[in-house]
Amino acid sequence: MGTEMSLHLRGPRVDSDPAVEPAVAAVFGHLRAADELFSTYRPDSQVSAIRRRELSPGDAHPWVTEVVALCEKARQRTGGYFDAWLPGGFDPSGLVKGWAAEGAATQLARLRGFDHYLNAGGDVTGRVASRCPAWQVAVQDPQNTNAFLTILELRSGGVATSGSAERGKHIIDPHTGRHPGDLLAVTVTGPSLLWADVFATAAFARGGEDVEEWVATCAPGYEVAALARAP
């Protein structure tokens, strides 16, 4: 899906437990399967076929049908600031990366006593099942790649950032069709990476002085953990 994925495991016998290797293989197998279906960078993906109007979502893989339904739910929950159906064709990127990462992380359920940290291109889903310290999640400053806006502690849930630093101006306000100009990055935390990703994308598209209040109102349980405004 045009980004890098990495997995960190922490626990006793992480190098010798026979269950670790197949579980890790299942994680990356799940992510590769999602990439084959959803990548907008691959001409052979089902999303690319939908964008070319060669495939109807109703005739697509069940995962695609599920994501289409989730995108509609996201559009409703965000007042239309998240919309996967924009000029240029269907693009679920603002949801599907978090969805795929969360689905992949379920492959680790068989590993008892292990903590996991799955980084999907800077968006993180993690869990600390042990008495170990929380994971430390550094949020990069979009104006200075050698600095952080903040460092968050994560024991369970997701952290997602949307902005223009890595991919340029790729997010637009669906209501105006324009690129938002007042924000550089928005980081949202909450119990689900999927929805943290959605609300970060929607909040960035919406912009405004009341970003934190808007997220807290439309997404109970989620909050803006870091915010970078344009100079």
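Small disclaimer: the values here were computed from a predicted structure and weren't measured. Atom set for the values below is all heavy atoms of this structure, side chains included, hydrogens, waters and symmetry mates excluded.
- The hydrophobic cluster containing Leu227 does not contain Val124, counting ILVMFWY residues as joined when their side-chain heavy atoms lie under 4.5 angstrom apart, directly or transitively.
- Atom OG1 in Thr65 sits 8.5 Å away from atom CG in Asp59 (nearest 0.5 Å).
- The hydrophobic clustering, which links ILVMFWY residues whose side-chain heavy atoms are closer than 4.5 Å, places Val139 and Phe204 apart.
- A side-chain donor-acceptor contact under 3.5 Å links Glu66 and Trp99.
- Formation of a donor-acceptor pair under 3.5 Å by the Arg52 side chain with backbone atoms of Pro43 is found in this model.
- Surrounding CZ of Arg32 are at most 12 heavy atoms belonging to other residues, nucleotides or ligands under 6.0 Å away.
- Both Tyr222 and Leu70 are assigned to one and the same hydrophobic cluster, defined by single-linkage of ILVMFWY side chains at heavy-atom distances under 4.5 Å.
- For Phe38 and Trp63, the ring centers sit 6.0 Å or farther from each other.
- The backbone N or O of Thr187 lies less than 3.5 Å from no partner atom in the side chain of Thr161, so there is not a single donor-acceptor pair.
- Heavy-atom contacts from other residues, nucleotides or ligands closer than 6.0 Å to CZ of Arg53 number 12 or fewer.
- Looking at Glu223 and Val188, their side chains never come closer than 4.5 Å, going by heavy atoms from C-beta outward.
- For the pair Ile50/Val64, a side-chain contact is recorded, criterion being any heavy-atom separation below 4.5 Å from C-beta on.
- In this structure, CG on Leu95 lies 10.5 Å from NZ on Lys73, to the nearest 0.5 angstrom.
- In this structure, Arg127 is not positioned above the aromatic face of Trp135 in the sense of NZ or CZ being under 6.0 Å from the six-membered ring centre and within 45° of the axis.
- By the 4.0 Å N-to-carboxylate-O rule, Arg206 lies too far from Asp173 to be salt-bridged with it.
- To the nearest 0.5 Å, the span separating NE2 on His8 from CZ on Arg10 amounts to 11.0 Å.
- Ser39 and Ser45 share no donor-acceptor pair across their side chains, judged by distance under 3.5 Å alone.
- Between Lys97 and Asp123 there is a salt bridge, since a side-chain N of the basic residue sits under 4.0 Å from a carboxylate O of the acidic one.
- Val128 and Leu118 sit in two unconnected hydrophobic clusters of ILVMFWY residues. Membership requires side-chain heavy atoms under 4.5 Å apart, directly or through other members.
- With hydrogens and angles ignored, the 3.5 Å screen pairs a side-chain donor or acceptor of Gln46 with a backbone N or O of His61.
- In this structure, CZ in Phe28 is found 12.0 Å from CD in Gln107, a value given to the nearest 0.5 Å.
- In the displayed structure, Arg178 atom CZ is contacted under 6.0 Å by at most 12 heavy atoms of other residues, nucleotides or ligands.
- Under the 4.5 Å side-chain contact rule for hydrophobic residues, Leu193 and Ile171 do not share a cluster.
- Between the side chains of Thr145 and Gln140, no donor-acceptor pair of N or O atoms lies under 3.5 Å.
- In this structure, the separation between OG on Ser162 and CG on Asp197 is 5.5 Å, given to the nearest 0.5 Å.
- Phe199 has its side chain out of reach of Phe82: every pair of non-hydrogen atoms, C-beta onward, lies at least 4.5 Å apart.
- For Ser48 (side chain) and Asp44 (main-chain N/O), no donor-acceptor pair under 3.5 Å exists by modelled atom type.
- The environment of CD in Glu21 is sparse: at most 12 heavy-atom neighbours from other residues, nucleotides or ligands sit within 6.0 Å.
- Heavy atoms of other residues, nucleotides or ligands lying less than 6.0 angstrom from CD of Glu4 number 12 at most.
- Tested against Leu9 for a side-chain contact (heavy atoms from CB on, under 4.5 Å), the candidates Val27, Asp115, Leu111 yield a single pass: Leu111.
- Side-chain N or O atoms of Asn119 include one that pairs as donor or acceptor with a backbone N or O of Gly122 at under 3.5 Å.
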